[in-house]
Amino acid sequence: MTFTAQQLAVPAQPATEPHSTSPWWKVMCLTGVDYFSTLGYQPGIAFLAAGLLSPMATIVLVLLTLLGALPIYRRVAEESPHGQGSIAMLERLLPFWRGKFFVLALLGFALTDFIITITLSAADAAAHVVENPHVPAFLHEGQMWITLFLVALLGAVFLKGFKEAIGVAVALVVTYLALNTVVIGYGIWRISTHGHLVTDWTSGLTAEHGSVWTMIGVSLLVYPKLALGLSGFETGVAVMSHVEGAEDDDFHMPAARIRNTKKLLTTAALIMSGYLITSSLVTTMLIPAEKFQDGGEASGRALAYLAHLYLGDAFGTVYDASTIAILWFAGASAMAGMLNLIPRYLPRYGMSPEWAGATRPLVIILTAVGFLITWIFNADVDAQGGAYATGVLVLMVSAACAVTLAARKAGQRKLTIAYGAIALVLAYTLFDNVRERPDGVKIGGCFIAAIVLVSLASRVRRALELRTTEITYDARAEMFLRDSARRSIRLVAHEPVDRGREAYVAKMRQIVSDNDIQHPGDIVFLEVTVKDYSDFESRIEVHGEALHDEFRVLTVEASTVPNALAAVLLDIRDRTGVRPHLYLEWTEGNPLINLARFLLFGVGEVAPVTREVVRRAEPDPTRRPHVHAG
């Protein structure tokens with residue numbers, strides 16, 4: 001039996017596979033609107049963090065990208081080939097409630113990452129608007145209102161209905177990278193033809209830090225502040241279900257898709273690494289330090305400043321338009337990610353309020369949160385960098401831990417050590433970032449608290465729902481039901497702790513005596529074994545057994561006893577056309593404690609809860625299965 005969505009009250013899950021796939025390089029552009037768009041603000045943030053050491057600190061970041069983040073996410077692509085990402089890996093490795101709460105915490109930081117992507121990108125797009133000399137004068141002081149307008153416009157698009165277009169992403173990324181190539185290329189040419197720029201830079205470095213070793217040491221200490229340049233890897237694996245594979249790919253382990261996703265990740269990392277290093281070089285050598293400061297002409301838009309300064313306002317305006325478009329589209333990608341991420345996990349945990357399954361209410365709430373974050377940070381790009389980096393780094397540390405555990409489970413000792421070392425480096429990067437800029441932890445903590453509180457309240461409210469998506473029977477179980485249906489179907493709930501003959505004899509005598517059953521030969525025992533009590537939904541397989549040559553037993557594995565009993569009763573009624581009887585015993589002990597045991601561990605006060613689940617699922621008393629307690 002397959003229950004309807006109304007019975008389960010669970011929002012529909014997103015499809016595992018998209019309707020269409022595309023070549024890996026096109027999908028790279030889809031993830032690139034988030035990854036590559038950071039060039040709009042990364043050089044300025046890097047200079048504020050490292051000063052003249054910005055290029056050297058960027059090189060350290062690039063090494064961490066290529067030698068750390070890239071190997072980690074190539075392994076994530078192998079372990080979750082349908083785009084579930086590192087969160088799903090940890091969910092598999094950490095079962096029961098500790099895994100659920102860990103996933104909820106990671107979702108909090110993932111939402112921090114995505115929300116700040118929207119607000120930071122909108123703020124940087126607004127900075128490109130207000131600093132453009134061709135815009136009306138009244139807009140030059142309106143960065144906050146422009147940012148709020150862009151966030152609202154993004155929400156409006158999703159309220160209307162948004163369909164990701166890889167073709168649009170390709171056009172935006174190609175145009176944006178081409179314009180950046182022109183700006184950076186001109187900057188490199190200018191540096192090469194004005195030798196004093198290099199000597200001025202090196203002299204400044206020597207005056208500030210002395211020896212090369214000191215510069216390297218300081219670069220190692222300050223590079224965590226540049227962690228925005230690591231963004232995009234989680235998105236890269238999240239979109240891998242869109243990557244074209246091969247016709248003969250195995251669904252569970254699509255080798256061609258995994259191989260192409262690795263190409264996507266590697267190519268994106270190499271491209272971004274080149275742009276990060278060259279952009280930090282030209283902006284550091286060509287832009288005066290005071291221009292990077294808050295309110296300066298290069299604040300949040302270093303490359304755009306160079307485009308206007310050296311290539312003219314016409315080219316600069318084209319560059320600004322391209323930057324605004326890709327930053328805005330990066331926000332759209334983040335919003336789409338949240339709309340897919342929230343329904344992917346919470347409904348399966350039973351922790352999804354009704355509005356979480358509907359796109360429009362969720363969009364309104366996320367847009368309102370975007371307004372709040374924009375107001376808190378005053379639409380300041382630099383101020384939001386720490387919160388964004390925290391969200392990115394938490395996800396990367398979780399990915400590193402996930403692949404380390406996966407390698408250990410697979411018995412790969414050398415890889416376990418290597419991944420563990422990367423995890424430690426990323427953890428240090430996260431710790432240093434949080435120590436310097438705790439805003440990300442504060443915002444992430446707020447998201448986590450909101451998710452956990454709303455989720456737990458929702459799960460408690462939905463505790464008495466049917467939680468079974470499908471019920472199947474083996475041949476012997478079907479035979480038991482077919483034979484019993486000729487007279488009456490009488491099921492006796494029995495705890496599978498003691499399966500000896502005397503236990504069944506005692507249970508049968510008690511049930512017959514308490515309920516005055518005339519034909520004890522009709523009795524079929526029904527046993528539910530709780531597997532993962534933290535799960536909300538489950539697919540039930542009913543197996544028939546003949547024990548001790550005289551007792552018919554139906555066995556079931558589920559996440560909760562009462563809900564499974566109710567689901568089986570209703571399904572038997574629909575299959576046989578007979579209203580079955582279920583006999584239970586009252587549970588001894590404090591009813592409040594038993595209620596808590598039911599909510600947390602799927603057991604407890606079984607008899608009244610089973611009856612209530614049946615009552616809610618079947619409002620017509622004349623069609624409701626009989627539940628007896630004695």
Side-chain angles (χ1 to χ4, degrees), residues 1-9 462-474 476-496 507-508 510-512 514-530 537-544 551-587 598 602-630:
M1 174 182 180
T2 302
F3 293 104
T4 65
Q6 288 76 17
Q7 287 176 300
L8 289 171
R462 299 178 57 199
L464 299 178
E465 291 178 4
L466 291 173
R467 305 187 191 178
T468 303
T469 57
E470 184 180 5
I471 299 180
T472 59
Y473 300 79
D474 67 9
R476 179 167 288 181
E478 288 185 345
M479 180 184 68
F480 290 166
L481 294 178
R482 188 168 55 250
D483 292 343
S484 299
R486 296 171 183 173
R487 292 186 300 273
S488 63
I489 300 177
R490 301 186 182 275
L491 304 173
V492 173
H494 180 252
E495 292 188 32
K507 173 69 76 170
M508 180 175 287
Q510 178 185 348
I511 294 298
V512 170
D514 289 347
N515 297 277
D516 195 24
I517 296 177
Q518 300 300 315
H519 300 285
D522 292 338
I523 287 178
V524 177
F525 290 93
L526 178 57
E527 299 177 346
V528 178
T529 301
V530 176
E537 297 177 350
S538 59
R539 178 181 178 275
I540 288 180
E541 296 180 358
V542 183
H543 299 280
F551 303 113
R552 295 174 296 178
V553 182
L554 299 177
T555 62
V556 170
E557 289 185 342
S559 59
T560 171
V561 174
N563 304 72
L565 291 174
V568 171
L569 284 177
L570 291 166
D571 187 66
I572 289 175
R573 179 205 62 185
D574 293 341
R575 283 176 176 269
T576 64
V578 176
R579 294 167 63 193
H581 295 259
L582 176 66
Y583 300 92
L584 305 107
E585 293 182 37
W586 292 110
T587 305
F598 163 67
V603 292
E605 198 68 77
V606 175
V609 175
T610 301
R611 198 268 177 188
E612 181 61 14
V613 175
V614 171
R615 186 190 69 82
R616 294 190 180 204
E618 178 51 76
D620 184 357
T622 63
R623 301 191 68 248
R624 197 178 294 158
H626 305 280
V627 179
H628 310 270

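The first residue in the sequence is number 1, and the count goes up from there.
Nearest heavy-atom pair, Ala567 versus Ile471, reported as atom, atom and distance to 0.1 Å: O-CD1, 3.5 Å.
Using the six-membered ring where Trp is involved, His494 and Phe525 have ring planes that are perpendicular, over 60° apart on the 30 and 60° scheme.
Residue Arg490 holds its CZ atom at 6.5 Å from NE2 of His628, rounded to the nearest 0.5 Å. For the atom pair Thr555 OG1 and Leu526 CG, the distance stands at 9.0 Å (nearest 0.5 Å). The structure places CG of Leu565 at 15.0 Å from CZ of Arg611, a figure rounded to the nearest 0.5 Å. Separation of atoms CG (Leu464) and CD (Glu612) is listed at 5.5 Å; rounding is to 0.5 Å.
Looking at Arg579, its side chain does come within 3.5 Å of a backbone N or O of Thr622 through a donor-acceptor pair. A donor-acceptor pair is defined here as one N or O able to donate and one able to accept, closer than 3.5 Å; no such pair exists between the side chain of Arg623 and the backbone of Glu618. Distance alone, capped at 3.5 Å, is enough to place a donor-acceptor pair between the Asp474 side chain and the Gly544 backbone. At least one donor-acceptor pair closer than 3.5 Å links the side chain of Arg624 to the backbone N or O of Pro619.
Enclosure of atom CD in Glu495 is not indicated, since only 12 or fewer non-hydrogen atoms of other residues, nucleotides or ligands lie within 6.0 angstrom.
Tested against Ile523 for a side chain to side chain contact (heavy atoms under 4.5 Å, CB included), the candidates Val512, Leu491, Ile489 yield a single pass: Val512.
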